[in-house]
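What follows is a single structure, written as structure tokens, with notes after it.
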Amino acid sequence: MQTSNADVSGERGAVDPATLAPAAALFHGLSDPARLAILQHLTVGEHRVRDLTEHLGLAQSTVSAHLACLRDCGLVTSRPEGRASIFSLTTAPELLAVLAAAEHLLASTGYAVELCPNYGIGATSTPDAEHLKPHENLESAR
């Protein structure tokens with residue numbers, strides 16, 4: 001998520017939202033707990049869909065759909081081995097750095113994101129910008 005002087009406009013240093021679209025897409029790809037669990041399993045080495053299904057207790061179709069998303073995001077790759085596909089991380093060091101940074105940020109904020117009415121624990125959908133709920137009681141909840 002790099003910005004340059006060409007990306008910044010106005011006195012307040014506003015960033016053109018279009019330059020942030022790839023980062024937003026990456027974070028959206030990481031936004032599902034099952035996809036994060038798959039990535040976590042792949043940090044220790046290659047896995048078949050069947051292995052991930054057994055480890056995570058998810059249906060094969062669910063794991064396959066999440067792996068397709070992660071592959072489309074460029075985070076995992078696969079290679080054939082017999083009738084199975086073996087999945088691995090495409091850029092393990094960089095992904096591990098992002099996940100470690102996320103863990104550090106969560107710890108630094110006291111996991112306050114869990115209380116977010118839009119994306120926190122118990123949120124039932126992902127609202128678009130026009131339907132974001134206010135964070136009225138967030139400060140008092142900390």
Side-chain angles (χ1 to χ4, degrees), residues 1-81 84-142:
M1 206 167 52
Q2 296 178 342
T3 59
S4 67
N5 290 339
D7 298 331
V8 178
S9 62
E11 291 179 30
R12 296 184 184 161
V15 176
D16 177 7
T19 64
L20 298 175
L26 171 67
F27 286 116
H28 189 71
L30 297 173
S31 69
D32 187 278
R35 286 194 292 272
L36 286 174
I38 289 169
L39 291 172
Q40 186 176 39
H41 276 283
L42 293 176
T43 62
V44 297
E46 298 179 322
H47 284 72
R48 298 174 299 165
V49 173
R50 180 178 178 193
D51 302 330
L52 293 167
T53 300
E54 290 173 6
H55 290 262
L56 301 171
L58 297 172
Q60 181 272 328
S61 59
T62 301
V63 171
S64 292
H66 285 304
L67 284 166
C69 175
L70 292 168
R71 185 179 50 238
D72 291 345
C73 289
L75 299 174
V76 302
T77 189
S78 66
R79 62 178 175 78
E81 187 174 283
S85 292
I86 307 296
F87 287 85
S88 61
L89 299 176
T90 55
T91 56
E94 292 83 357
L95 180 61
L96 289 171
V98 168
L99 296 176
E103 291 278 335
H104 183 71
L105 180 59
L106 286 168
S108 295
T109 61
Y111 290 78
V113 72
E114 292 177 342
L115 303 175
C116 176
N118 298 298
Y119 307 108
I121 305 297
T124 57
S125 64
T126 303
D128 54 22
E130 296 82 36
H131 297 97
L132 289 174
K133 298 172 188 167
H135 292 132
E136 297 167 1
N137 299 320
L138 188 56
E139 286 301 317
S140 62
R142 287 186 190 170

| message | Tell me if the NE2 atom of His28 is crowded by more than 12 foreign heavy atoms within 6.0 Å. | response | no
| Spacing of Arg48 atom CZ and Gln60 atom CD [to the nearest 0.5 Å] | 12.5 Å
| His47 side chain vs Gly45 backbone, donor-acceptor pair below 3.5 Å | yes
| query | Hey, does the side chain of Arg35 reach the backbone of Leu70 with a donor-acceptor pair shorter than 3.5 angstrom? | reply | no
| task | Can you see which heavy atom on Thr53 is nearest to which on Leu58, and at what distance? | result | CG2-O, 2.8 Å
| Considering only heavy atoms from C-beta outward, does the side chain of Ile38 approach that of Val76 to under 4.5 Å? | no
| task | Might you point out which heavy atoms bring Leu42 and Phe87 nearest each other, and give the distance in Å? | result | CD2-O, 3.4 Å
| message | Rounded at 0.5 Å granularity, tell me how far CG in Leu56 sits from OG1 in Thr62. | response | 10.5 Å
| request: Could you pull out the closest heavy-atom pair between Val49 and Ser64, with the gap in Å? | output: CG1-OG, 3.7 Å
| said: Tell me the closest heavy-atom pair linking Leu30 and Leu36, and the distance in Å. | reply: O-CG, 3.4 Å
| Atom pair OG/CG of Ser31 and Leu26 - distance to nearest 0.5 Å | 10.0 Å
| field | Smallest separation among heavy atoms of Leu96 and Thr43, with atom names | value | CD2-CG2, 3.4 Å
| query | Quick one: does Ser85's side chain have a donor or acceptor within less than 3.5 Å of a partner on Arg79's backbone? | reply | no
| request: Any chance you could measure Thr91, atom OG1, to Leu75, atom CG, to the nearest 0.5 Å? | output: 6.5 Å
| said: Going by salt bridge (charged side-chain N to carboxylate O under 4.0 Å, His left out), name the residues that satisfy it together with Glu94, two or more places apart in sequence or in a different chain. | reply: none
| Atom pair CG (Leu89) and CD (Gln40), whose distance is rounded to the nearest 0.5 Å | 11.0 Å
